[in-house]
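Here the structure is laid out as structure tokens; the discussion comes afterwards.
Per chain, numbering begins at 1; letters A, B, ... match sequence-line order. Note that the coordinates shown come from a computational prediction; the quantities given were computed from them, not determined experimentally. Hydrogens, waters and symmetry mates are skipped; everything else that's a heavy atom, side chains included, is used.
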Amino acid sequence: MAVYKQTYRGYDGRTTPAWSRWLITGRYALAPLLSSRLLPFCMAGCLFWPLFCVILVYIFHQPALMDLLPPGLSALVGVGGGFFYLFCVIQGVLAFLLTALVAPGLISPDLVNGGMPLFLARPFTRFEYVAGKMAVLAGILSAITWIPGLLVLALQSSMEPWKWTWDNLWIAGALIEGLGVWIVVLSLIGLAVSAWVRWRLLAGASVLGVFFVGAGLADLIDSVLHTTNGMKFNLLEVVRTIWVDLLRTTPIGESPIVLSTSEAWTVLAIAAGLCLALLAVRIRPFEVVR
Amino acid sequence: MENVIELKDLSVTLGRRRVLSNLSVQLHGQVIGLLGPNGAGKSTLIQTLLGFCPNVTGTASVLGRDIRTDIRGVRGLIGYMPENDAFVAGMTAVTFVRMMGELSGLPAEAALERAHEVLFYVGLGEARYRKLGTYSLGMKQLAKLAQAIVHGPKMLILDEPTNGLDPPARQRMLRLIDDVKASGATRLIICSHLLRDVEAVCDEVLILKQGRIAHHCDLNSERAANKHFLEVEAAGELDGFAAALAAAGCEVSPGGPGRFRMELPEGFDLKTVFSMAAQREVRLHRVSYRRDTLEDIFLSAMEN
């Protein structure tokens, strides 16, 4: 319909394949995030530790610099499971903080003014809607977690003989799996909170609350009931268990791991399932009044 | 004639309440009005056609596509303007309409071009870069219409399109609907409480009452079929004229000074009226069949 004609006409042009449309909601959700300076600033801040790791890797491969270290300390350094475990812990916590910043604005704006029927009245499913929004978080969190992790590993590999790379290739898998599962859980929690809590500030606080209240509850249960089962409510502790297992290391200077790996995986699966159920209740074209 | 909507024993349950019961009908019109009192099931029927309702028995098809087996295809044909507020407050109108276009399958560039065009078309051209949250009620209605037509749907479902609009905005909305109708490219379903609006634009009407079909009619043929009632405006010796008509078998009742209404018996030739008037030198100013308004049809459906 040309503007000057001001009459209605249909559309008979090309259409995009249905499978490609799931990223559209994510693209439109990402645009305002990138246009504000806060997110790029925070993401840059989250990359300080990977940058520090790059410097460490460089130092570890400079004998002249290593000679300056005290003999006891130089024996401790090395890039392996423990090194990347620490990387996971630091970047994992930063990912959680970034989720609290980004997630609240993803779903609630669509729900607040009843926009959901407009999305779902099109050839577009609830699954695609959630997947598109999740892709935003997954992309942002990947950029500060496993992607820089792999880059650090690649740098280390480039400075070591080929055999080292071959022997430590499993670290790449562990980083992708360990941080990948954390990203999935964080994304689902963030989206579920965004779907249920209307106000952005409160939603951000709720994401933080899921972890801090969970940690507090875990400590309370453990101290009152003299058990270690409370740790199942502490998601940071749960994912730490998985990272320790995947990176074949023993945490030094931290509280010991009290959960089994299978328990940790089960807790994360339950948390993810719960978030999906919460999303399924909210991401609907209309409310049923019973 | 192609079925726009075909329902066969369609029943819908929401929660524990049965909202639609055994609806069976075939609708063919270019513009179909969906009428009924509050709670009749109009919005539920629309939501069922969009595949929103999970507990559906029976079948329903839209433009030949079954809603249970090909809901993606059905949604691809439809543009939907919901009754309630439906927008993303933080977005500008052009971004919002473009996104909706892309979700309907338009490539990004085409969606942007169409978004600008439809916003100009509905009259929001100057306000297209404003955030939707700052729009007035009438502007939001127009933005909802814009997102519903951006992808050039084969069927447009408008749920209470004139709700809350002031008279000029209402007229504008009706003009837009008429224009879409005139394009011939799109079938329309209009759900409204405002009978005058429906009467102005619809050619077929489905009236629901308590989840059942109370009446289904083609408005034009319904009006044309009702030729038993005649309204006459005349001057002269009317008492004798009325008595003669009564003697000829007509039921005559006064309708004010110089006017009367009559119900014609079966097989009555209208020429008789004119010849009787001529014999008595009665001057006929107006003789017309009394057309049933949509309100008459609606009220009759509600009484039945």
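- More than 12 heavy atoms of other residues, nucleotides or ligands shown are found within 6.0 angstrom of CZ on B/Arg18.
- Proximity to chain A involves both the backbone and the side chain of B/Thr95, based on heavy atoms less than 4.5 angstrom apart.
- A/Thr125 OG1 to B/Arg75 CZ: the interatomic distance, rounded to the nearest 0.5 Å, is 8.5 Å.
- Residues B/Ala89 and A/Asn113 come closest through the heavy atom pair CB-ND2, 3.2 Å.
- Counting only heavy atoms from C-beta outward, the side chains of A/Phe124 and B/Arg72 never approach each other to under 4.5 Å.
- For chain A, the option among B/Val74, B/Leu50, B/Leu176, B/Leu106 with the highest count of heavy-atom pairs below 4.5 Å is B/Leu106.
- Of the listed residues B/Ile78, B/Asp85, B/Leu132, the one with more heavy-atom pairs under 4.5 angstrom with chain A than any other is B/Asp85.
- Counting heavy-atom pairs closer than 4.5 Å to chain A, the top-ranked of the candidates B/Met81, B/Lys154, B/Gln47 is B/Gln47.
- Nearest heavy-atom pair, A/Pro123 versus B/Ser104, reported as atom, atom and distance to 0.1 Å: CD-CA, 4.3 Å.
- If you tally non-hydrogen atom pairs under 4.5 Å between each of B/Gly51, B/Gly79, B/Pro107, B/Gly90 and chain A, the highest count goes to B/Pro107.
- For B/Asn84, no part lies near chain A; criterion is any non-hydrogen pair under 4.5 Å.
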Problem set entry | Residues B/Arg114, A/Arg9; criterion side-chain contact (heavy atoms from CB on, under 4.5 Å); working and verdict | CA-CA 10 Å; B/Arg114 291 273 307 184; A/Arg9 70 171 166 85; 3.6 Å; yes

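- Only the side chain of B/Thr186 comes within contact range of chain A, with heavy atoms under 4.5 Å apart.
- Both the backbone and the side chain of A/Ala18 come within less than 4.5 Å of a heavy atom of chain B.
- Using a 4.5 Å cut-off between heavy atoms, B/Ala110 touches chain A through its side chain atoms alone.
- Applying the 6.0 Å contact sphere to CD of B/Gln210 captures no more than 12 heavy atoms from other residues, nucleotides or ligands.
- In this structure, CD on B/Gln147 lies 4.5 Å from CZ on A/Arg122, to the nearest 0.5 angstrom.
- Counting non-hydrogen atoms of neighbouring residues, nucleotides and ligands closer than 6.0 angstrom, the CZ atom of B/Phe52 exceeds 12 such neighbours.
- One distance of note links OH of A/Tyr28 with CD of B/Glu102; it measures 3.5 Å at 0.5 Å rounding.
- Here the straight-line distance linking atom CD1 of B/Ile149 with atom OH of A/Tyr8 works out to 5.5 Å at 0.5 Å rounding.
- Remark: the backbone N or O of B/Gly105 is paired with a side-chain donor or acceptor of A/Thr16 at under 3.5 angstrom.
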Exercise. Does the side-chain contact (heavy atoms from CB on, under 4.5 Å) test come out yes or no for A/Thr25 and B/Leu103, once each step is laid out?
Worked result: CA-CA 8 Å; A/Thr25 49; B/Leu103 289 174; 4.2 Å; yes

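- Contact between A/Gly114 and B/Ala86 at its shortest, heavy atoms only, is O-CB, 3.2 Å.
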